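This report concerns only the one structure given below.
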Amino acid sequence: MFDLHGRSAVVTGGARGIGAAIARSLADAGAGVVVADILDHDGKETADAIGRNGRYAHLDVTRETEWREVIGIAEDSFGPLAVLVNNAGILDYGAIESEPPAMFRHVLEVDLVGAWLGMHTAAPVLRAAGGGVIVNISSTAGLTGYAGIGAYVASKWGLRGLTKTAALELGAAGIRVCSVHPGPIHTPMTAGMDASVAAAQPLPRFGEPEEVAAMVRFLVTEASFSTGSEFVLDGGATAGQVLALPTS
Ligand code: NAP
């Protein structure tokens, strides 16, 4: 088991939703956790609720200088960096024919370039600390296509590919890198979605942020022989199709 006591973790988009659940879970496992987000008010509340193992820091994942500052805050507050969770993400709707190019670029900038900047900045620090774990929160949108959210799909497929490349580049330094692929989860991001989104799944419900956090905690603390792999929590949504078989 990877002992997180005396070591630090950074969770992006940690103010609310899945990121907040991950931050709480890693703090319970002993890490000092920096809740990093652009939502300062919610982020402070989440970090305060964690207590002495939590601290808020402002981070826009698209800004390289802020990345360096946040990792410095994590190490100064809690000890050597052990974990980075690239969780921050945005979802925008737009078909390929109608989406403004600036919107497509913006989603890629946050969801893909932001995570790349995180790995780019954290990897040398993890290497110097003797190893660690990076978990990238992708989506089932990184496993299949979805009409109307092409930028999000492109970002999440990209993040899945970057995860594998990072695993290849960083394994010898003792750094594991995995991607997590949730289906619909109850968070502010999905607040406007209809329950029918999950109706055809073998488990016909939305997941909870704590279920994603449990997977991330397992990957960080227990999955010592896993790297470059996808871990799916989608109620079976991507398992396949139920065929209407001929009756005679
Ligand atoms: P959420 O509730 O919207 O939380 C995401 C957090 O990231 C928010 O606090 C958001 O702030 C923050 N954020 C946005 N842009 C940022 C930036 N540039 N820098 C730093 N933080 C930023 O979303 P969630 O549902 O918990 O999603 C978390 C991750 O899981 C995302 O990567 C998402 O794509 C992925 N995911 C979610 C689901 C789902 O069903 N919920 C399914 C699959 C994958 P703002 O509110 O200001 O944007």
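Computed over heavy atoms, backbone and side chain alike; hydrogens, waters and symmetry mates excluded. Here the structure is a predicted model, which means the values were calculated and not measured. Position 1 is the first residue of the sequence; numbering continues from there.
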Would you give the length of the straight line joining atom [atom1] of [X] to atom [atom2] of [Y], rounded to the nearest 0.5 angstrom?
| X | Y | atom1 | atom2 | result |
| --- | --- | --- | --- | --- |
| Ile96 | Ile149 | CD1 | CD1 | 11.5 Å |
| Thr62 | Leu108 | OG1 | CG | 12.5 Å |
| Thr144 | Lys156 | OG1 | NZ | 15.5 Å |
| Leu84 | Ile71 | CG | CD1 | 6.5 Å |
| Asp40 | His58 | CG | NE2 | 5.5 Å |
| Leu126 | Arg7 | CG | CZ | 8.0 Å |

Mind checking what makes side-chain hydrogen bond (donor to acceptor under 3.5 Å, both in side chains) contact with [X], not counting sequence neighbours?
| X | answer |
| --- | --- |
| Arg105 | none |
| Glu169 | none |
| Asn86 | Asn136 |
| Asp76 | none |

Do you know the tightest heavy-atom contact between [X] and [Y]?
| X | Y | value |
| --- | --- | --- |
| Gly145 | Val153 | CA-CG1, 4.3 Å |
| Gly235 | Pro202 | O-CD, 3.2 Å |
| Gly79 | Ser8 | O-OG, 2.9 Å |
| Gly6 | Pro80 | O-CD, 3.5 Å |
| Ala154 | Phe104 | CB-CZ, 4.3 Å |
| Ala237 | Gln201 | CB-CG, 3.7 Å |

With a 3.5 Å cut-off and sequence neighbours excluded, list the donor-acceptor pairs that the side chains of residues 209-222 form with protein atoms.
from	atom 1	to	atom 2	distance (Å)
Glu211	OE1	Arg205	NH1	3.0
Glu211	OE1	Glu208	N	2.8
Glu211	OE2	Arg205	NH2	2.9
Arg217	NH1	Ser25	O	3.4
Thr221	OG1	Arg217	O	2.8

Report whether [X] and [Y] are members of the same hydrophobic cluster (ILVMFWY, side-chain heavy atoms less than 4.5 Å apart, transitive linking).
| X | Y | result |
| --- | --- | --- |
| Leu59 | Val33 | no |
| Phe78 | Val125 | yes |
| Leu4 | Val85 | yes |
| Phe2 | Val11 | yes |
| Ile134 | Leu159 | yes |

> Arg127: what forms a side-chain contact (heavy atoms from CB on, under 4.5 Å) with it, not counting sequence neighbours?
Replying inline: Leu170, Ala173, Ile175

>> List the residues meeting side-chain contact (heavy atoms from CB on, under 4.5 Å) with Ile90, not counting sequence neighbours, and say none if there are none.
In response: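 Per chain and number, Ile90 pairs via side-chain contact (heavy atoms from CB on, under 4.5 Å) with His106, Val107, Val110, Asp111.
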
>> Under the criterion side chain to side chain contact (heavy atoms under 4.5 Å, CB included), I'd like the reasoning laid out for Leu245 against Thr247: C-alpha separation, chi angles, the key distance, then a yes or no.
In response: CA-CA 6 Å; Leu245 296 174; Thr247 48; over 6 Å; no

[X] side chain vs [Y] backbone, donor-acceptor pair below 3.5 Å:
| X | Y | value |
| --- | --- | --- |
| Ser138 | Val180 | no |
| Thr187 | Gly17 | no |
| His181 | Ser139 | yes |
| Asp37 | Gly14 | yes |
| Trp67 | Val61 | yes |
| Thr12 | Asn87 | yes |

Within the structure provided, determine whether [X] and [Y] are in side-chain contact (heavy-atom separation under 4.5 Å).
| X | Y | value |
| --- | --- | --- |
| Val133 | Val177 | no |
| Leu39 | Tyr56 | no |
| Leu81 | Val10 | yes |
| Lys44 | Val35 | no |

> Does the side chain to side chain contact (heavy atoms under 4.5 Å, CB included) test come out yes or no for Leu26 and Val83, once each step is laid out?
Replying inline: CA-CA 9 Å; Leu26 293 178; Val83 182; 4.1 Å; yes

>> Checking Leu162 against Leu112 for the side chain to side chain contact (heavy atoms under 4.5 Å, CB included) test, could you report, in this order, the C-alpha distance in whole Å, the side-chain angles of both residues, the deciding distance, and whether it holds?
In response: CA-CA 9 Å; Leu162 267 185; Leu112 182 57; 3.7 Å; yes

> Which residue pairs pass the side-chain hydrogen bond (donor to acceptor under 3.5 Å, both in side chains) test with at least one member in residues 228-245, sequence neighbours excluded?
Replying inline: Arg160-Glu230, Lys164-Glu230, Asp234-Thr238

> Can you list the residues that meet the ring-ring contact (aromatic ring centres under 6.0 Å, His included) rule with Phe231, with sequence neighbours excluded?
Replying inline: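 Expected list: none.
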
>> Run the ring-ring contact (aromatic ring centres under 6.0 Å, His included) test against His120 and tell me which residues pass, sequence neighbours left out.
In response: Trp116

> According to the ring pair (Phe, Tyr, Trp, His ring centres under 6.0 Å) rule, which pairs have a member within residues 121-173, sequence neighbours left out?
Replying inline: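 Sorted pair list comes back empty.
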
Ignoring hydrogens and angles, write down the donor-acceptor pairs under 3.5 Å from the side chains of residues 47-55, residues two or more places apart or on other chains.
from	atom 1	to	atom 2	distance (Å)
Asn53	ND2	Ala27	O	3.3
Asn53	ND2	Ala31	O	3.4
Arg55	NH1	Ser77	OG	2.9

>> If you apply the rule side chain to side chain contact (heavy atoms under 4.5 Å, CB included), what do you find for Glu64 with Val113, and how did you get there?
In response: CA-CA 10 Å; Glu64 193 177 352; Val113 179; over 6 Å; no

